[in-house]
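Order of the sequence lines sets the chain letters (A, B, ...), proteins ahead of strands, with each chain counted from 1.
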Amino acid sequence: MNINISLPDGKVIKAQQGTCALEIAKTISEGLARNILSASVNNEDWDINRPINQDCCLKLHTFNDIEGKKCFWHSSAHLMAEALEYLYPGIKLGIGPAIDNGFYYDVDLGDDRKISSDDFPKIEEKMLSLAREKNSFNRKEINKQEAINYFKQKGDEYKIELLDDLIDGDITFYTQGNFTDLCKGPHIDNTGRIKAIKLLNIAGAYWRGDESRKQMTRIYGVSFQKQKELTAHLEMLEEAKKRDHRKIGKEMELFTFSKKVGQGLPLWLPKGAQLREKLENFLKKAQENAGYLPVITPHIGNKDLYVCSGHYEKYGEDSFQPIKTPQENEEFFLKPMNCPHHCEVYKSKQYSYKDLPVRFAEFGTVYRYEQSGELHGLTRVRGFTQDDAHLFVRPDQVKEEFINVIDLVLYVFRALSFKDFKVQISLRDKENKSKYIGSEENWEKAEQDIIDATKEKNLNTVIEYGEAAFYGPKLDFMVKDALGREWQLGTIQVDYSLPERFELEYTGKDNNKHRPVMIHRAPFGSMERFVAVLIEHCGGNFPLWLSPEQFIILPISEKFHDYAEKVKQLLKNYDICGPIDKRAETTSRKIRDAEVSKIPFIIVVGEREEAEEKITVRKHGGKNIGNIPTNEFIEIVKKEMRELINFTN
RNA sequence: GCCGAUGUAGCUCAGAGGUAGAGCGUUUCCUUGGUAAGGAAGAGGUCACGGGUUCAAUUCCCGUCAUUGGCUCCA
């Protein structure tokens with residue numbers, strides 16, 4: 001009997017009932033048949049050799065697709081489990097999924113055994129030798145009792161616990177070689193596809209993420225079809241290590257931490273502070289143009305403020321403890337958010353519907369007691385500055401304001417060369433609308449407004465249901481950095497809760513009081529986190545307009561120090577700054593050091609330059625601009641700066 | 001917060017039960033230089049902190065603190 005198989009391009013293939021994705025791939029091209037790893041049949045994951053018995057939509061996945069990669073890595077996790085069972089008989093297995101960049105498996109080695117990274121080579125070797133056996137992955141539907149019996153006999157209580165949550169009739173085993181695992185699949189056709197393996201690290205992980213339960217050993221790895229791909233991946237990891245903002249921050253003297261000052265409290269060094277100030281001034285200017293009003297609010301607030309905002313109830317116990325005063329019962333808290341203060345700013349006067357939107361902006365420093373194990377460089381700290389603003393708008397203005405904020409965020413991203421990003425729209429959980437505050441009508445409208453705004457701006461969006469905060473839907477910007485890693489940066493959030501709690505009002509056309517909608521937004525997110533991401537994105541080679549120093553002057557010898565000073569002063573008049581390297585070193589040496597320090601322009605001055613009143617300019621990276629008058633250099637610098645920050649959307 | 005690893009000079013790191021080493025940087029001197037490391041000499045360390053074992057601990061053991069890989073969390 002024939003069935004119809006439709007492909008994503010609309011083509012329909014007639015095939016024998018019981019055919020499989022691999023067969024279909026063969027009819028399309030030999031190359032595809034060689035590379036196909038998994039498939040989906042009517043959007044259900046499907047092994048490539050699993051029979052297809054009815055009309056369906058078929059998608060074929062190779063390593064270039066997320067689905068293909070995940071399938072490949074998931075199969076690699078099974079392969080690792082097989083190797084581990086061989087090398088460590090009697091181990092118990094937890095879960096072993098594919099992740100964004102590889103796979104892991106959680107294992108319980110028993111009390112007296114340990115694995116360290118020193119053991120990786122022998123595990124990798126065993127995996128490769130098992131892979132070379134080209135064992136096929138065999139899928140088997142199994143009833144629940146049989147499955148439980150299997151793991152009982154094997155002595156693996158973890159799998160039995162997993163089985164508890166599964167419905168009989170929906171349970172499958174996969175077997176390759178001597179290894180059988182409870183698994184939904186899909187898997188690659190045989191282990192022979194796995195040609196290059198690297199185990200990366202090892203860590204403890206609680207069974208089911210519950211710290212009251214057994215801690216298992218989690219082994220992370222990555223695998224590829226070709227050695228070359230593995231090498232490239234490892235090189236990327238090396239590059240990421242080189243760009244680590246903690247390392248570059250130290251090398252370039254941007255920021256530091258001090259045990260004495262306290263964990264997670266960054267100290268911005270002069271160069272880092274210069275960089276950050278430039279970013280802040282840049283955004284301040286953009287916000288001024290977009291109609292924001294500056295406000296400044298204190299670093300602490302009375303307990304009552306946070307009781308009113310609801311933050312006290314939710315976070316009071318788990319955060320920095322209150323500051324007491326000589327007054328009985330008076331308590332202040334370090335501010336964990338700027339919004340309560342901004343609400344009070346709003347309340348300082350009356351608004352008509354014609355006054356809205358009102359936009360209050362502040363680089364507000366906040367303090368949150370993050371768990372000590374969570375602190376990480378500048379990306380996760382206990383004291384940080386948000387590029388915060390709160391927009392108080394009428395419900396009918398939500399969409400327009402979203403568009404305005406999106407424009408601002410796009411402007412920021414473009415100025416900083418973040419070219420690749422997507423936005424996530426977080427909406428209510430459709431099933432459980434009761435857990436959200438605010439009227440059905442407002443939510444409905446705001447959600448639609450956000451969707452429409454992103455459509456209008458032609459953004460690449462993903463919608464996540466159930467990811468909205470209890471107080472409103474939101475839009476998050478995730479940028480991809482130069483190494484392809486994703487970071488969540490800017491955010492725009494609608495809030496119905498705070499206007500309610502603070503009883504914010506404006507007078508409408510109807511002369512009645514109305515409640516404004518509040519929009520929180522931060523294009524950078526926090527200065528700390530943003531600078532960290534920026535450092536890793538550009539590897540410390542900041543865009544010229546942000547670089548703490550734009551040039552370094554290298555006098556050929558001591559005789560030209562005066563001329564160097566003169567050039568430096570001249571450039572300073574145009575806000576182009578940098579030092580003079582007056583060390584008694586050779587020019588080659590000074591060039592090398594300047595290159596290593598990532599300074600954008602190197603200016604060499606010697607006899608020729610002084611005589612002709614010129615400078616010789618070399619760009620970071622080795623490109624010679626040549627012997628030019630200083631004015632010409634100023635023009636070059638100004639032009640390069642303008643290119644990134646002066647444009648209209 | 002939990003589990004593992006780490007903590008030696010400003011930085012990157014080696015080292016061993018018997019009072020500490022390299023490279024880079026820094027200082028001084030020589031060299032006055034033309035596009036990715038010129039030469040020489042010197043300074044610099046309670047080996048994170050607190051206990052214990054030992055004739056002797058920076059090294060072994062325990063605790064604390066910090067960093068770090070994860071887990072959990074993230075207004």
Side-chain angles (χ1 to χ4, degrees), chain A residues 94 99 104 106 114-118 200-220 244 246-247 250-251 253 256-264 306 309-316 318-319 335-340 366-377 379-382 384 386 388 469-472 474 488 491 493 495 497-498 520 522 526 529 554-561 582-597 602-609 616-627:
Chain A
I99 49 176
Y104 68 77
D106 285 347
K114 252 187 162 175
I115 290 184
S116 81
S117 50
D118 297 339
L200 295 170
N201 51 27
I202 199 160
Y206 299 106
W207 172 236
R208 310 203 115 180
D210 181 345
E211 66 178 75
S212 68
R213 307 202 57 183
K214 172 94 180 172
Q215 180 148 41
M216 309 184 76
T217 304
R218 176 169 295 180
I219 303 173
Y220 288 86
D244 190 317
R246 294 168 298 185
K247 180 170 140 60
K250 198 180 266 178
E251 284 166 0
E253 298 179 1
T256 189
F257 289 89
S258 141
K259 193 155 110 172
K260 260 194 187 129
V261 171
Q263 239 189 327
Y306 303 113
S309 71
H311 291 115
Y312 177 77
E313 192 190 2
K314 193 145 192 231
Y315 298 100
D318 302 323
S319 200
K335 90 173 157 190
M337 291 285 287
N338 298 300
C339 28
V366 297
Y367 298 89
R368 299 177 187 175
Y369 188 79
E370 304 291 358
Q371 291 188 5
S372 62
E374 255 323 304
L375 302 173
H376 179 94
T379 57
R380 198 73 191 275
V381 287
R382 285 178 173 166
F384 57 96
Q386 294 178 313
D388 215 354
F470 74 92
Y471 52 78
K474 62 177 179 172
Q488 199 223 296
T491 178
Q493 307 187 2
D495 188 343
S497 167
L498 286 179
H520 309 247
S526 90
R529 185 177 161 79
L554 314 183
I556 293 290
S557 82
E558 211 177 322
K559 286 179 267 181
F560 310 106
H561 283 186
K582 290 186 177 173
R583 291 176 305 165
E585 287 293 349
T586 58
T587 306
S588 289
R589 177 52 184 272
K590 291 182 184 175
I591 296 262
R592 184 193 133 80
D593 290 344
E595 285 288 350
V596 169
S597 73
I602 295 170
I603 296 173
V604 179
V605 293
E607 198 173 351
R608 286 203 302 272
E609 288 78 6
T616 298
V617 182
R618 169 187 161 126
K619 210 168 175 173
H620 172 69
K623 192 182 158 213
N624 264 317
I625 291 180
N627 195 239

**Message:** Can you confirm if the NZ or CZ of A/Arg382 lies within 45° of the ring axis of A/Tyr369 and under 6.0 Å from the centre of its six-membered ring?
**Reply:** yes
Rounded to the Å, how far apart are [X] [atom1] and [N] [atom2]?
{"X": "A/Gln215", "N": "B/G69", "atom1": "CD", "atom2": "P", "answer": "16 Å"}
{"X": "A/Asp106", "N": "B/C71", "atom1": "CG", "atom2": "P", "answer": "10 Å"}
{"X": "A/Leu554", "N": "B/A36", "atom1": "CG", "atom2": "P", "answer": "12 Å"}
{"X": "A/Lys214", "N": "B/C3", "atom1": "NZ", "atom2": "C1'", "answer": "12 Å"}
{"X": "A/Tyr104", "N": "B/G70", "atom1": "OH", "atom2": "C1'", "answer": "11 Å"}
{"X": "A/Met216", "N": "B/G70", "atom1": "CE", "atom2": "C1'", "answer": "15 Å"}
{"X": "A/Lys474", "N": "B/C74", "atom1": "NZ", "atom2": "C1'", "answer": "10 Å"}

**Complete:** Judged by nearest nucleotide, the residue sitting upstream toward the 5' end of RNA chain B, A/Leu375 or A/Tyr367, is A/Leu375
**Message:** On RNA chain B, does the nearest nucleotide to A/Arg592 precede the nearest nucleotide to A/Val604 from the 5' side, or the other way round? Give the residue.
**Reply:** A/Val604
Touch check for [X], heavy atoms < 4.0 angstrom, all strands: base, sugar-phosphate only, or nothing?
{"X": "A/Ser372", "result": "base"}
{"X": "A/Arg213", "result": "nothing"}
{"X": "A/Glu253", "result": "nothing"}
{"X": "A/Gln263", "result": "sugar-phosphate"}
{"X": "A/Thr616", "result": "base"}
{"X": "A/Arg618", "result": "base"}

With the criterion being N/O to N/O and under 3.5 Å, what pairs connect the protein with nucleotides 30-32 of chain B, and how long is each?
from	atom 1	to	atom 2	distance (Å)
B/U32	O2	A/Ser557	OG	3.3
B/U32	O2	A/Glu558	N	3.1
B/U32	N3	A/Glu558	OE1	3.2
B/U32	O4	A/Glu558	OE1	2.7

**Request:** Please confirm whether any donor atom in the side chain of A/Arg380 sits under 3.5 Å from an acceptor in the base of B/C74, or the reverse.
**Result:** yes
Rounding to the closest angstrom, what is the interatomic distance between [N] and [M] at atom [atom1]?
{"N": "B/G42", "M": "B/A9", "atom1": "C1'", "result": "15 Å"}
{"N": "B/C55", "M": "B/U64", "atom1": "P", "result": "28 Å"}
{"N": "B/U26", "M": "B/U67", "atom1": "P", "result": "29 Å"}

Nucleotide nearest [X] (side chain, heavy atoms from C-beta), chosen from [options]:
{"X": "A/Arg246", "options": "B/C3, B/G33, B/U68", "result": "B/U68"}
{"X": "A/Tyr471", "options": "B/A75, B/U26, B/G1", "result": "B/A75"}
{"X": "A/Asn201", "options": "B/G70, B/A75, B/A36", "result": "B/G70"}

**Closest non-hydrogen atom pair, A/Tyr306 against A/Lys335** = OH-CB, 3.0 Å
**Closest non-hydrogen atom pair between A/Met216 and A/Asp106, with its separation** = CE-O, 4.0 Å
**Message:** Main chain of A/Gly626, side chain of A/Asn624: is a donor-acceptor contact present, judged purely on distance under 3.5 Å?
**Reply:** no
**Message:** Taking A/Gly310's backbone N and O only, do any of them form a donor-acceptor pair with A/Glu313's side chain (distance below 3.5 Å, no angle check)?
**Reply:** no
Hey, what do you get for [atom1] ([X]) to [atom2] ([Y]), rounding to the nearest 0.5 Å?
{"X": "A/Met337", "Y": "A/Gln386", "atom1": "CE", "atom2": "CD", "value": "6.0 Å"}
{"X": "A/Arg380", "Y": "A/Ser526", "atom1": "CZ", "atom2": "OG", "value": "10.5 Å"}
{"X": "A/Ser319", "Y": "A/Glu370", "atom1": "OG", "atom2": "CD", "value": "8.0 Å"}
{"X": "A/Thr586", "Y": "A/Ile591", "atom1": "OG1", "atom2": "CD1", "value": "9.5 Å"}
{"X": "A/Cys339", "Y": "A/His520", "atom1": "SG", "atom2": "NE2", "value": "4.5 Å"}

**Message:** Among A/Lys590, A/Arg618, A/Lys619, which residue satisfies the salt bridge (charged side-chain N to carboxylate O under 4.0 Å, His left out) criterion with A/Glu595?
**Reply:** A/Arg618
[X] side chain N/O closer than 4.0 Å to the phosphate oxygens (OP1, OP2) of [N]?
{"X": "A/Thr586", "N": "B/G38", "result": "yes"}
{"X": "A/Tyr220", "N": "B/C71", "result": "yes"}
{"X": "A/His376", "N": "B/U67", "result": "no"}
{"X": "A/Arg218", "N": "B/G69", "result": "no"}

Give every pair of a protein N or O atom and an N or O atom of nucleotides 7-14 of chain B that lie under 3.5 Å apart, one pair per line with the distance.
from	atom 1	to	atom 2	distance (Å)
B/U12	OP1	A/Lys250	NZ	3.2

